[in-house]
Amino acid sequence: MLIDLQSLLEGGCERVSLDESFDFSAQALDGVFPFTTPVRVRGDIVNRAGIVTMHAAAEGTMRFVCDRCAATAERQLCVPMEHILVSELQSEDDADRYILVSDGKLDLSQLTLEDVFLSLPSKLLCSEDCKGICPQCGKNLNEGPCGCKKEIDPRLAPFLDFLNS
Ligand SMILES: [Zn+2]
Ligand SMILES: [Zn+2]
């Protein structure tokens, strides 16, 4: 979705308010479709003395597969979207620092998706103390212990043999 910022960039107006909802239900992440409900972006973009800044936040719910136990879980999103917008880039480095608004149009849905994905930790866990799955039988240990014997440290084996004899 394109937001027309021509007037703002030229100084014709000082503020553009944002309140948009995006349907990202067709976006896949690691084989799941995380966005079952729309992601809402609220905030504004202001031009102060020629510097155009965006202060907004994206909110929604996302579904994901836990990295440790492979169960499906949900988390609330509240992703800050703080950017400086420019109509042209002066150098290569600027591309990392600023958001380029070419032709006076900002692709807000694309920017939202990027910000949301960049905000995610490298590992998504269903809970901080997720116990994961048993490497031997594959049982989800959050649902209770499995019947597998714990692997014995080989250095302790002679000692245990002694105790059992
Ligand atoms: Zn988990
Ligand atoms: Zn097991």
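Owing to the predicted nature of the structure, the values given are computational and were not obtained by experimental measurement. For ligands, and for the atoms within them, numbers begin at 1 and follow the listed sequence.
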| How about Phe22 and Leu108: do any of their side-chain heavy atoms sit closer than 4.5 Å? | yes

| task | Quick one: sort the Phe24 and Phe35 rings into parallel, tilted or perpendicular, breaks at 30° and 60°. | result |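 Ring orientation of Phe24 relative to Phe35: perpendicular.
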
| Atom of Arg68, atom of Leu125 and distance for their closest heavy-atom approach |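 So the minimum-distance heavy-atom pair works out to NH2-CD1, 3.4 Å.
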
| query | So, for Val32 and Arg63, which heavy atoms are closest and what is the spacing to 0.1 Å? | reply | CG2-O, 4.2 Å

| request: Determine, stepwise, if the pair Leu141 / Cys146 fulfils side chain to side chain contact (heavy atoms under 4.5 Å, CB included). | output: CA-CA 7 Å; Leu141 298 175; Cys146 64; 4.0 Å; yes

| request: Output, by chain and residue number, all protein N/O/S atoms separated from the Zn ion (ligand 1) by less than 2.8 Å. | output: Cys66 SG, Cys69 SG, Cys126 SG, Cys130 SG

| message | Tell me whether the count of non-hydrogen atoms from other residues, nucleotides or ligands lying under 6.0 Å of CG in Asp103 goes above 12. | response | no

| query | Can you tell me how far the CD1 atom of Ile99 sits from the CG atom of Leu106, to the nearest 0.5 Å? | reply |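 The distance works out to 8.0 Å.
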
| Between CD1 of Ile133 and NZ of Lys139, what distance do you get to the nearest 0.5 Å? | 12.5 Å

| Relative to the Zn ion (ligand 2), how many protein N, O or S atoms have a separation of less than 2.8 Å? | 4

| How about Asp23 and Ser25: does a side-chain donor come under 3.5 Å of a side-chain acceptor? | yes

